[in-house]
Structure formats: C-alpha cells, structure tokens
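For the numbers below, each heavy atom of this structure counts, side chains included, while hydrogens, waters and symmetry mates do not. Letters A, B, ... mirror the listed sequences (proteins, then strands); counts begin at 1.
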Amino acid sequence: MRVAEVIINRPAKKMNSPFSYAVPPHLGEIAPGTRVAVPLGRTKEEGILIGYRDLAEAPTYEIKPIQAVLDKDPWFTSEMLSTAKKLSKYYLCALSEALSLFTIDKKQLKSYERPKEQWLVVQPWFQPEHIPMKRKRQRELGFYLQELGTASVHSLQKDGFTLPVIKQVMTYEGIIVEERYTQTKTKFNACVVKELPLTEEQQQCYEPIKRAVTTCTADTFLLHGVTGSGKTQIYMKAASECLANDRIAIVLVPEIMLTNQIVTRFVEAFGDEVVVFHSKLTISERYNNWERLRRKDSHIIIGARSAIFAPTDDIGLIIVDEEHDTSYKQEDMIRYHARKVAKWRSEANHCPLILGSATPSIESYYLAMQGIYRLLELKHRIFHQPLPKVQIIDMKEEMMYGNYSVFSGAMSHLIRQTLGNKEQMIILLNRRGYSTFVMCRECGEPIKCPHCDVAMVYHQSGEALRCHYCEYHEPVPRVCPHCGSQKIKFFGSGTQKVEEELQRNFPKARIARLDQDVTTKKGQGEQILADFGAGQYDILLGTQMVAKGHDFKGVTAVGVLTADSVLNIPLYSASERTFDLLTQVAGRAGRSNGKGQVVIQTYNPLHYAIIKSKAHDYIGFYKEEIQAREMLGYPPLGAMIHFRIQHKDKAKAMAIAEKIVNALEVFLVPGELDIMGPYEEGIKKVRDLYRVAIMVRGNDLKSIKDFIYNSWIFTQEGLHIDVDPV
DNA sequence: TCTACCATGGAT
DNA sequence: TCCATGGTAGAA
C-alpha cells in the first residue's frame with residue numbers, strides 16, 4: 001500500500017518523523033512539497049507532504065485519509081525540502097521547524113491563491129453611444145474603454161474612475177468581466193547597470209564571478225575589500241549578469257532596518273527587478289513578492305537573514321554582504337547561520353556564492369586560505385582616501401593622572417576640535433541605559449533582578465530599574481533591600497548618562513542618542529539616522545548600531561568609549577568581534593574628505609585585536625587569532641555544540657545535564673572530541689529558570705549529532721541545543 | 001504542539 | 001467520593 005508521508009506543521013520535536021496518510025482518489029496526485037490538511041487525533045492539522053512510501057504489510061495503526069490540498073502548486077521545491085532536512089539534522093531542530101523557515105504565513109490551514117483582479121473586456125457589439133448623456137462619467141468610461149479594448153478595474157481606478165461608475169459599466173451589454181492573474185511586470189532598464197564602470201581591481205575580482213554565474217558553478221568567493229573599495233559595485237554587476245541569465249539572485253544584508261545603503265543602491269539601479277524582504281511587510285505583500293519572483297517579474301531578492309529562505313528554485317547567485325556580521329546567526333528558536341544555509345542552497349542550485357566583507361569572519365578567511373573558498377581582494381579605496389588615523393588611549397593611565405571621567409583627555413580634545421570645525425562625530429558606547437549597575441555602598445550588594453541572575457540597570461525614562469533579560473522593572477529603592485542603608489549609588493555609565501555628561505561638557509553640541517530604548521518605537525531609529533545624515537546633529541552617540549554600514553559624509557571623528565566591553569565577554573570569538581566592531585566604527589570616520597580621526601579608549605591597550613585594528617591590519621589580526629584558536633581547538637579548527645538545560649529547579653537541571661553527559665560519554669576521545677560540563681552558566685538564572693550548560697567540542701561532530709538526532713536527548717524538555725554557537 | 005488519560009491529593 | 005491539578009504518552 002502506497003501512503004503519503006506528511007510532516008505535521010507543529011514546532012514539536014516529538015513529532016519529527018512523518019505520519020502516513022492515504023491519498024483519496026478525488027484529490028488526484030499530490031506532488032511532494034504541497035501543504036495538506038490532515039486529521040490528527042480529533043483535530044484537523046496542517047502538514048507538508050514530503051514524499052511517498054510503500055508499506056509492505058498493513059500497519060498496526062489506522063491510515064487516515066488526507067482531507068484537503070492547501071496549495072494549488074507545491075510550495076516547497078525538492079531543493080527546499082532537502083535543504084530543510086539538512087538544516088534539521090545539522091542544527092538539531094525539528095524538521096517541521098526547518099520547513100517553517102521557508103514559509104511566510106504562520107497562520108495555519110490557509111490556502112494560498114495567486115492574486116487575481118477583474119478585467120473589463122470590450123466586445124465588438126459594445127455601443128457606448130447608448131449610455132444616457134446624464135450618466136456623464138459612465139459615458140466617458142464607455143468611450144475610454146472602447147479605445148483601450150480591455151482594462152483592469154485597478155488601472156481604471158488609477159485613471160480617475162470611481163468604483164461605483166466602473167461597477168455600473170460592467171453591467172452594460174457588450175462588456176465581459178474576466179478574472180485574470182495580477183500582472184505587475186514593468187520593464188527594467190538594464191543599461192543603468194551595464195554603464196557602471198569598474199576599476200581595474202574591481203574588474204579582476206569580477207571576472208571569475210562572472211564566469212561562475214554564466215557557467216552555473218557552485219564556487220564560493222570571499223570578497224575581501226576595505227571599506228569604500230566598491231564591493232557593492234561588484235555585487236550589482238554580478239546580479240545583473242544573473243538577471244541576464246533569467247535566474248534569481250539573493251542578496252543578504254545584515255540589518256535592513258537601519259537605512260541600508262546597499263538596498264537603496266540596488267533599488268535605484270534595478271527598479272522593479274528588486275524585491276525587498278523585511279519584517280515590516282504584510283502577509284499579502286510577502287505573497288505578492290514571492291509571486292513576482294516565481295513569475296520572474298523580479299529577479300533580485302534583497303533582505304536580512306531570513307531572505308535566504310526565499311521560496312524559489314532556480315537561484316543563480318547568492319550574495320552575503322558583511323558576511324562576518326553576527327546578525328546572520330539567529331539566536332532564538334532555530335539557531336541557524338544564514339551563511340551556512342546560503343552555502344547549502346548555492347550547492348543545490350549550482351550557483352556561486354559571494355561572501356563580502358572588510359573584516360571577513362575568521363572561519364571564512366581560513367577556508368579561503370585552505371583554498372576551499374576563492375579569495376578575491378580589493379586593496380584600494382575607490383577614491384584613494386587614506387584610512388582614518390587611530391589613537392589608542394590607556395584608561396588606566398588616565399586614572400593614574402586623576403581623570404576618572406568617561407572621557408579621556410584625548411577624547412575631550414577630539415570632541416572639542418570636531419565641534420569647533422563644525423564637523424560631525426560618532427561616539428560608540430556598548431551599554432544602554434543610564435548606569436550599568438546600582439549598588440549599596442554599605443554592604444556592596446548590587447541590586448539584582450528577582451527573576452534573573454543579573455544586575456538591574458537604571459533607566460532615566462520612567463525613573464526605573466530595568467532588567468535587560470526579562471521585562472521586570474521596579475522603581476529605584478530608597479533604602480538597600482539587603483541591609484537597609486540609604487547609601488545607594490549608581491555605578492558605570494550607560495548611553496543615557498554619557499549623553500547627559502556630554503551635554504554638560506559641551507552645552508552647545510546637538511546630540512542624538514541611538515540605542516535599543518530609542519529604536520523600540522518604530523521608525524524612530526531611521527529618523528535619527530536620517531536627521532544626523534542631514535546635519536541636524538553634531539554628535540551621534542549610541543550602541544553598536546551606530547557602527548554598521550552608514551555613510552555619513554560629514555563625519556570626521558569617531559570615539560570608542562570602552563573597547564573592552566565586547567572583549568571581556570567570555571566567548572571564543574570575543575577578539576574577533578572586538579576587531580570587527582573597532583574596524584567598522586573607525587571606518588565611519590572621514591569617508592568623504594579623508595581626514596578621519598579615531599580615538600579608542602581601553603584598559604587593554606596591548607591586546608592584539610586593538611593594536612591590529614589601529615593599524616587597519618586584518619591579515620595581521622587573522623594570523624594571531626587563528627593561532628590562538630588552533631591551540632584551543634576553537635572554530636574553524638573544530639566545531640562546537642552548546643547545550644543549555646533550563647529548569648525552575650536547579651538540581652533537576654543539573655540532573656538532566658548529567659544524564660546527557662553520561663549518554664554522550666561514549667563519543668569522548670580526549671583531544672579529538674571533548675565534553676565540558678555540566679557547569680552553571682555565567683548568568684545562572686533567567687526568567688526564574690536556572691541554566692546549566694554542556695559544551696561539546698570536536699573536529700568532526702557529525703556522528704555525535706546523528707546519535708543525538710535519533711535519541712531521547714533530541715526531545716528532552718527544557719533543552720536548547722546551539723550548534724556552532726557564536 | 002495538543003489532547004486525553006491516569007495518578008495524586010486536598011477538600012468535602 | 002468528588003473534582004482539580006499535574007505530569008506524560010501518543011497522535012498515522
């Protein structure tokens with residue numbers, strides 16, 4: 001007996017294997033990849049038909065029939081199905097979760113139909129002269145229609161006819177109303193892009209990419225180019241080549257929210273050939289975009305992380321811009337890395353993948369050094385502007401000279417100088433809120449969140465202490481909840497406090513602050529950036545979002561208040577992230593006139609991540625970093641899996657973790673595959689759940705992953721598995 | 001995930 | 001004895 005294998009569309013790991021259903025004859029042949037409605041228990045559920053199977057003998061359970069077909073054409077191509085399976089096994093998540101990444105509507109059991117609209121078709125016997133003179137607009141529409149022969153209701157409304165008038169004309173003799181699929185095709189002027197000249201260096205990088213696009217080769221290129229070297233130009237050339245071959249190009253950008261340079265340039269150059277995916281799109285806009293890609297009305301999709309799951313086959317090119325950016329790794333739910341998925345999809349679609357960055361991820365650069373990726377380098381800035389001058393300030397020294405303020409002498413001087421020259425400055429501080437923690441002077445106890453193991457942060461707005469890990473907030477206590485003393489003091493400086501201090505020291509400066517507290521109100525972040533770009537502010541103060549890809553012409557100076565905030569995070573990639581952040585933010589200075597100045601304050605002035613970023617020396621940094629990782633077996637010279645067990649009972653969490661370690665111990669080969677833990681995490685408790693962790697590190701984790709995928713560990717409650725944590 | 005089922009246990 | 005709660009196996 002032939003049965004259909006259906007994955008129930010529920011994010012439950014326990015339902016990871018497909019369920020068998022019969023296909024009733026009246027539904028005909030259902031292609032794999034189609035969404036179907038099936039009975040499950042006593043409810044009706046949505047599922048994805050992933051294939052067929054022959055049952056040798058009658059099963060012990062009842063085979064129920066599929067109730068309905070939800071997609072006219074299968075939503076999932078076979079490539080999407082196989083990529084989802086790969087993702088599920090690699091990242092140890094449920095197949096249904098992996099599949100749902102490719103869908104755009106989380107509402108279930110909704111069938112999707114291609115958008116249709118009504119068209120009025122004029123028949124030979126239509127006589128507008130019979131329409132009474134009194135009905136002026138209808139008569140005009142009649143003659144207008146006769147001229148056109150056929151027109152859609154939508155287009156007539158655009159031409160100034162109201163809906164009642166059109167409705168009335170539709171009833172007249174000689175007018176036939178037809179339903180047609182919406183056609184939104186607009187002509188694209190390819191010349192715009194073709195005329196974009198490339199420098200010789202760019203041309204050299206572009207040649208092999210072009211060859212790979214035309215020959216449909218799944219090569220991966222690492223395009224390493226300093227900021228301002230014209231990577232976008234190469235992306236656009238490659239995309240236009242892909243478009244000329246009538247295949248789809250996917251362009252991934254880090255965070256689309258903040259007015260993204262690349263998006264604007266693509267839209268300007270390619271017009272309606274570009275479809276922009278971002279989280280603010282409505283469901284119908286998403287469907288419409290997808291439909292455009294499927295009909296090849298548009299060939300380029302540009303968007304953040306999730307755009308890699310564009311439901312399309314025939315991908316001809318994938319570009320990951322700023323490939324080192326950490327926003328490509330999803331940190332909640334399914335913790336996939338978009339760069340990894342891009343690689344899989346490029347292989348399955350036989351198309352090249354371009355990874356572009358000024359500071360490539362250590363992993364990508366390593367693979368390029370191994371000859372697995374092809375390294376392409378842009379060493380010169382297009383207009384040959386010099387890179388900014390970077391000064392490193394040792395804050396320990398500042399303190400020795402009695403300066404306890406957040407601004408070193410050099411920093412104050414740079415601010416004063418920039419303001420004096422009527423130029424703009426960006427100041428980076430990786431801490432939001434007012435103060436970093438609140439502590440009692442008597443007993444030395446910091447005030448902690450009652451639900452999480454973290455110090456609460458004072459936020460001026462609302463005069464409240466907030467926890468950055470949960471929604472908990474409370475007013476600042478008058479007396480210490482621990483010892484009753486009144487000596488409560490604020491320590492450390494967040495963006496809010498620094499803003500205040502800046503304003504006090506430089507009363508005339510116009511200061512804009514950009515951090516999560518400001519961005520939560522939608523559109524406000526973009527507005528601040530736009531205003532700053534328009535010169536309405538002198539200083540832009542903010543968390544790392546000020547460091548990313550904006551091109552402000554008036555900015556000549558950049559200040560980093562604490563380079564250590566990222567460096568001190570206990571992660572193997574802390575140095576890499578520090579180097580990236582410093583290099584990125586320094587790159588904001590002097591983009592147009594070339595006299596950029598940067599001041600970096602730090603307590604670790606001798607750390608190589610800081611020294612190498614001062615010298616704009618990526619390769620030097622890479623060499624030191626790869627050595628450090630080689631010694632410790634960190635990625636890319638080994639892979640890691642992070643297990644987090646959460647439980648409201650600390651002992652239970654520990655017990656579960658120990659059970660997991662015991663089960664995995666058979667794979668332990670010291671030096672080859674190591675298991676660390678179970679240990680309490682740095683932050684012991686979040687939202688009243690205790691956190692215990694296990695870390696597995698090894699040169700090859702495939703077999704241990706396969707084991708976990710098929711064992712009880714996979715469905716263990718309260719366990720979160722993070723493959724390739726960053 | 002959702003649901004039905006069973007076990008436990010406190011209140012009546 | 002009743003019902004409420006909690007934990008858990010199974011769904012085709």
Round to the nearest Å and state the distance from [X] atom [atom1] to [N] atom [atom2].
X      : N      : atom1 : atom2 : value
A:Q67  : C:dA12 : CD    : C1'   : 13 Å
A:L49  : C:dA12 : CG    : P     : 17 Å
A:M15  : B:dT3  : CE    : C1'   : 11 Å
A:E45  : C:dG10 : CD    : P     : 19 Å
A:K14  : B:dA4  : NZ    : C1'   : 14 Å
A:K64  : C:dA11 : NZ    : P     : 9 Å
A:N9   : B:dC2  : CG    : P     : 12 Å
A:E717 : C:dA9  : CD    : P     : 10 Å

For C:dA11, take OP1 and OP2 only and decide whether either is under 4.0 Å from a side-chain N or O of A:R42. no
Quick check for you: among B:dC2, C:dA11, B:dT3, whose closest atom lies nearest to any side-chain atom of A:L40?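 Closest nucleotide to the A:L40 side chain: C:dA11.
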Nearest-nucleotide pick for A:T43, side chain only, options being B:dT3, C:dG10, C:dA12: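 Among B:dT3, C:dG10, C:dA12, the one nearest the side chain of A:T43 is B:dT3.
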Test salt bridge (Lys or Arg N to Asp or Glu O under 4.0 Å) on A:D325 and A:R577 and set out the steps. CA-CA 9 Å; A:D325 198 286; A:R577 286 169 69 173; over 6 Å; no
Indicate, with a heavy-atom threshold strictly under 4.0 Å, whether A:P59 touches base, sugar-phosphate, or nothing.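 Since no nucleic acid heavy atom lies under 4.0 Å of A:P59, the category is nothing.
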Using a 4.0 Å heavy-atom cut-off, does A:Y21 contact any base of the nucleic acid, only the sugar-phosphate backbone, or nothing at all? sugar-phosphate
A:H451 ring center near A:Y472 ring center (under 6.0 Å):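 That pair passes the under 6.0 Å test.
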Between A:E681, A:R335, A:R697, which is the residue that forms a side-chain hydrogen bond (donor to acceptor under 3.5 Å, both in side chains) with A:H642? A:E681
With a 4.5 Å heavy-atom cut-off, do A:I656 and A:Q716 have their side chains touching?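 Yes, at least one pair of side-chain atoms sits under 4.5 Å.
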